[in-house]
Amino acid sequence: ASVATLSELSNGTLIVPVSYWPLDGRGLPTVPAYPTTYSVNAVLIGTWNSNKTDLSWRLSEPTIISEQLSTRGLIEPAVIELKDQPGRVLMISRGSNIHRPDLPSRKWKSISNDCGMTWSSPSPFCYDNSTCFYSPSSSSDLVEGPNGRIYWIGNGRKPARPWIGC
């Protein structure tokens with residue numbers, strides 16, 4: 001299950017992170033290389049009318065990742081606006097490599113500089129020192145602490161490979 005929290009940006013725009021199965025050129029669900037679904041992430045962007053009595057919604061551009069990096073695409077996005085940079089939004093997404101255990105399991109980050117309308121290509125979400133960590137296929141969230149710092153709440157462990165034990 002996704003966290004999918006409604007957020008209000010500093011400009012009054014509302015955003016809701018979503019995952020969906022993209023359609024091909026014929027309007028049919030894409031056929032993934034592996035026998036599961038393949039998802040992309042985006043945000044629904046809500047804009048109030050001048051009287052603030054109605055919302056208009058549109059879908060952002062999607063964040064897309066190769067099945068060679070995450071066999072099930074991107075799932076369960078969490079988003080937060082960077083308060084010191086109005087309009088800049090961070091998205092953390094769950095990846096899944098259930099069909100390729102040789103690939104690391106990661107979370108992926110994307111940045112929007114236009115209030116969530118477009119997104120950077122996903123890159124591994126790693127520690128501040130650029131060391132990547134293992135993260136199982138599970139949802140996560142982003143929260144702002146009382147000190148103004150942003151915290152990621154999720155499963156992660158160093159080194160960047162699964163721990164096997166009893």
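One is the number of the first residue; the rest follow in order along the sequence. Excluded from the calculations below are hydrogen atoms, water molecules and symmetry mates; all remaining heavy atoms, backbone and side chain alike, are included.
Using a 4.5 Å cut-off between side-chain heavy atoms of Ile, Leu, Val, Met, Phe, Trp and Tyr, with links allowed through other members, M117 and V16 fall into different hydrophobic clusters. In the hydrophobic cluster analysis, where Ile, Leu, Val, Met, Phe, Trp and Tyr join through side-chain heavy atoms closer than 4.5 angstrom, I150 is grouped together with I92. Under the 4.5 Å side-chain heavy-atom criterion for Ile, Leu, Val, Met, Phe, Trp and Tyr, V40 and I65 are members of the same hydrophobic cluster.
With a 4.5 Å cut-off on side-chain heavy atoms, E67 and R100 do not count as touching. Under the 4.5 Å side-chain criterion, counting only non-hydrogen atoms from C-beta, S39 is not in contact with Y20. Side-chain atoms of P77 and T63, non-hydrogen and from C-beta on, never get closer than 4.5 Å to each other. At a threshold of 4.5 Å between non-hydrogen side-chain atoms, the residues I45 and I15 count as touching. Under the 4.5 Å side-chain criterion, counting only non-hydrogen atoms from C-beta, L44 is in contact with L59. Side-chain atoms of P86 and E81, non-hydrogen and from C-beta on, do get closer than 4.5 Å to each other. V18 is not listed as a side-chain neighbour of N41, based on a closest heavy-atom distance of 4.5 Å or more.
Taken from OG in S66 to CD1 in I64, the straight-line distance is 11.0 Å, to the nearest 0.5 Å. A distance of 7.5 Å separates OG of S70 from OH of Y38, quoted to the nearest 0.5 Å.
Between the side chain of N113 and the backbone N or O of G87, no donor-acceptor pair lies under 3.5 Å. Looking at S60, its side chain never comes within 3.5 Å of a backbone N or O of A42 through a donor-acceptor pair.
Just one of T47, T13, L14 meets the side-chain contact (heavy atoms from CB on, under 4.5 Å) condition when paired with L55; it is L14.
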